[in-house]
Peer 1: 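Pasting a structure below so you can have a look.
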Amino acid sequence: MLRSRIIGTGSVVPARVLTNRDIAKMVETSDEWIQARTGIAERRICGPQEDAATLAEGAAVRALAMAGVDPVDVDILMVATVTPAVPLPATACLVQEALRARRAAAFDIGAGCSGFIYGLAVADGLIRAGSARTVLLVGAECLSKIVNWKDRSTCVLFGDGAGAVLLQAQDGASGIRSTHLYSDGSAWQLLVAPGGGSRFPQSERVLQEGLHLIQMRSGNEVFRLAVRAMEDACITALKANALEPSDIDLLVPHQANLRIIRALASRLAFPEEKVVLNIDRYGNTSAASIPLALDEAVRAGRVQPGMTLLMAAFGAGLTWGSAVITW
Ligand code: UT7
């Protein structure tokens with residue numbers, strides 16, 4: 001059977017570390033509160049020369065090197081991001097130029113923190129339809145540049161980074177087995193950065209009111225919705241593949257909050273050693289979080305041929321989804 005197989009992974013994070021104690025000097029918070037409520041100890045922050053395109057390029061170079069594939073052989077290049085390097089054109093086009101992936105069709109995926117799972121679904125569809133043989137999918141974010149550093153309820157959560165996977169059409173049992181995507185636009189206002197688009201174009205007012213920055217309403221409600229939605233998406237994925245939770249070797253969840261991940265794992269009866277976690281070091285890197293966690297697990301030798309991986313994400317939109325992969 002023709003499958004989309006991940007043949008390379010890569011990731012990068014900026015060198016600058018921002019600890020909880022650093023943030024406690026900026027807003028009324030503490031290391032204890034942040035660790036207890038989110039599981040985050042530190043996050044990486046872009047320098048002035050870094051942006052979503054430069055991070056995406058770094059992650060992509062590593063994924064291509066692991067796979068031993070020349071950039072010119074990439075048919076499709078997708079960047080999942082909510083923090084594009086420039087409003088126009090797509091960040092994927094800047095990455096295409098940097099990689100000299102001159103044959104690739106390049107475009108961005110905007111699906112909040114679920115962008116990587118959405119990208120996997122698009123890549124898998126294009127590969128299995130015969131429209132592409134080799135797809136480079138990157139999740140890349142510079143959330144530090146759209147975080148409101150005066151808002152303690154959000155500024156502690158986010159970080160910067162990028163992760164990439166290189167997918168290729170291959171016959172056999174390894175590859176993407178399923179993807180399931182969901183959205184609920186009725187709750188779009190829960191997690192927004194409303195300014196700077198065509199509804200509220202960049203203006204003095206947008207800047208003064210900080211409308212270009214991330215705002216989250218009812219973090220508690222987002223928390224509850226995230227657990228329920230990811231659980232539903234995982235159960236649907238397991239059923240679609242006739243799998244039991246015990247058949248899954250590794251859960252690679254979106255890293256938004258350690259308590260969300262633990263609640264999900266407990267509802268699915270996954271022991272913590274089967275869950276890939278790096279939220280303590282990077283915080284929530286939105287569309288980058290799953291490929292960043294995956295790449296770390298691959299390079300640490302935690303992912304072996306024949307293993308079955310379950311991925312689940314939830315984010316702004318609202319959007320959520322799941323994927324099952326045989327490695
Ligand atoms: O990427 C996907 C989308 N995002 C998410 O999945 C995030 C989902 N939500 C969350 O992770 C959690 O709701 C938060 C981490 C954002 C907040 O944790 P919580 O346990 O839900 O806390 P809370 O919002 O109920 O706030 C509890 C208290 C409040 O004070 P009062 O009203 O009880 O006096 C907040 O003002 O904690 C206060 N608080 C803080 N205190 C110290 C909020 N942020 C902070 C802070 N430091 N940074």
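Counting convention: from 1, in listed order, for ligands and their atoms alike.
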Peer 1: As a test of the contact definition, would atom 32 (O) of ligand 1 count as having a protein heavy-atom neighbour under 4.0 Å?
Peer 2: no
Peer 1: Considering only protein heavy atoms, which is closest to atom 36 (O) of ligand 1, and at what distance to one decimal place?
Peer 2: Arg152 NH2, 3.0 Å
Peer 1: Thr179 and Asp124: side-chain donor and acceptor closer than 3.5 Å?
Peer 2: no
Peer 1: Can you see which heavy atom on Glu141 is nearest to which on Ser286, and at what distance?
Peer 2: OE2-OG, 3.2 Å
Peer 1: To check your reading of the model: name the closest protein heavy atom to atom 3 (C) of ligand 1, its residue, and the distance in Å.
Peer 2: Leu191 CD2, 3.5 Å
Peer 1: Quick one: look up the protein heavy atom nearest atom 5 (C) of ligand 1 and list residue, atom name and how far away it is.
Peer 2: Val222 CG1, 3.7 Å
Peer 1: Give a yes or no on whether atom 1 (O) of ligand 1 lies under 4.0 Å from any heavy atom of the protein.
Peer 2: yes
Peer 1: State which residue, out of Val13, Thr285, Leu55, fulfils the side-chain contact (heavy atoms from CB on, under 4.5 Å) condition with Arg44.
Peer 2: Val13
Peer 1: With a 4.5 Å cut-off on side-chain heavy atoms, are Leu167 and Ile176 touching?
Peer 2: yes
Peer 1: At under 4.0 Å between heavy atoms, which part of Thr154 makes contact with ligand 1: side chain, backbone, both or neither?
Peer 2: neither
Peer 1: Under 3.5 Å between some N or O of ligand 1 and some N or O of Arg259?
Peer 2: yes
Peer 1: Keeping to residues at least two apart or across chains, list the salt bridge (charged side-chain N to carboxylate O under 4.0 Å, His left out) pairs with something in residues 286-313.
Peer 2: Arg281-Glu296, Asp295-Arg299
Peer 1: Closer than 4.0 Å and a protein heavy atom, does any atom meet both conditions relative to atom 10 (C) of ligand 1?
Peer 2: yes
Peer 1: Look at atom 27 (C) of ligand 1 and say which protein heavy atom is nearest, naming residue and atom and giving the distance to 0.1 Å.
Peer 2: Arg37 NH1, 3.6 Å
Peer 1: Which heavy atom of the protein is the closest neighbour of atom 16 (C) of ligand 1, given with residue, atom name and distance?
Peer 2: Met216 CE, 3.6 Å
Peer 1: Keeping the roles fixed (side chain from Arg43, backbone from Leu18), state whether a donor-acceptor pair exists under 3.5 Å.
Peer 2: yes
Peer 1: Give me the residue, atom name and distance of the protein heavy atom closest to atom 17 (C) of ligand 1.
Peer 2: Trp33 CH2, 4.0 Å
Peer 1: Between Asn257 and ligand 1, find which residue part has any heavy-atom pair under 4.0 Å and reply side chain, backbone, both or neither.
Peer 2: side chain
Peer 1: What protein heavy atom is closest to atom 47 (N) of ligand 1, reported as residue, atom name and distance in Å?
Peer 2: Thr29 OG1, 2.6 Å
Peer 1: Any donor-acceptor pair under 3.5 Å linking the side-chain atoms of Glu42 with those of Thr19?
Peer 2: no
Peer 1: Quick check on Ala226 - does any of its heavy atoms sit under 4.0 Å from an atom of ligand 1?
Peer 2: no
Peer 1: State plainly whether the residues Lys274 and Asp249 are in salt-bridge range, i.e. N to O under 4.0 Å.
Peer 2: no
Peer 1: For Ile34, which part has a heavy atom under 4.0 Å from ligand 1: side chain, backbone, both, or neither?
Peer 2: neither
Peer 1: For ligand 1, which part of Val27 has a heavy atom less than 4.0 Å away: the side chain, the backbone, both, or neither?
Peer 2: neither
Peer 1: Is the closest heavy-atom distance from Asn220 to ligand 1 below 4.0 Å?
Peer 2: yes
Peer 1: Looking at Arg267, I want to see if its CZ is surrounded by more than 12 non-hydrogen atoms of other residues, nucleotides or ligands under 6.0 Å.
Peer 2: yes
Peer 1: Per the side-chain contact (heavy atoms from CB on, under 4.5 Å) rule, which among Leu190, Asp151, Leu157, Val192 passes with Met216?
Peer 2: Leu157
Peer 1: Show the atoms of ligand 1 that are less than 4.0 angstrom away from any heavy atom in Ala256.
Peer 2: 1 (O), 2 (C), 6 (O)
Peer 1: Do any nitrogen or oxygen atoms of Ile260 lie less than 3.5 angstrom from nitrogen or oxygen atoms of ligand 1?
Peer 2: no
Peer 1: For atom 39 (N) of ligand 1, state whether the nearest protein heavy atom is under 4.0 Å away.
Peer 2: yes
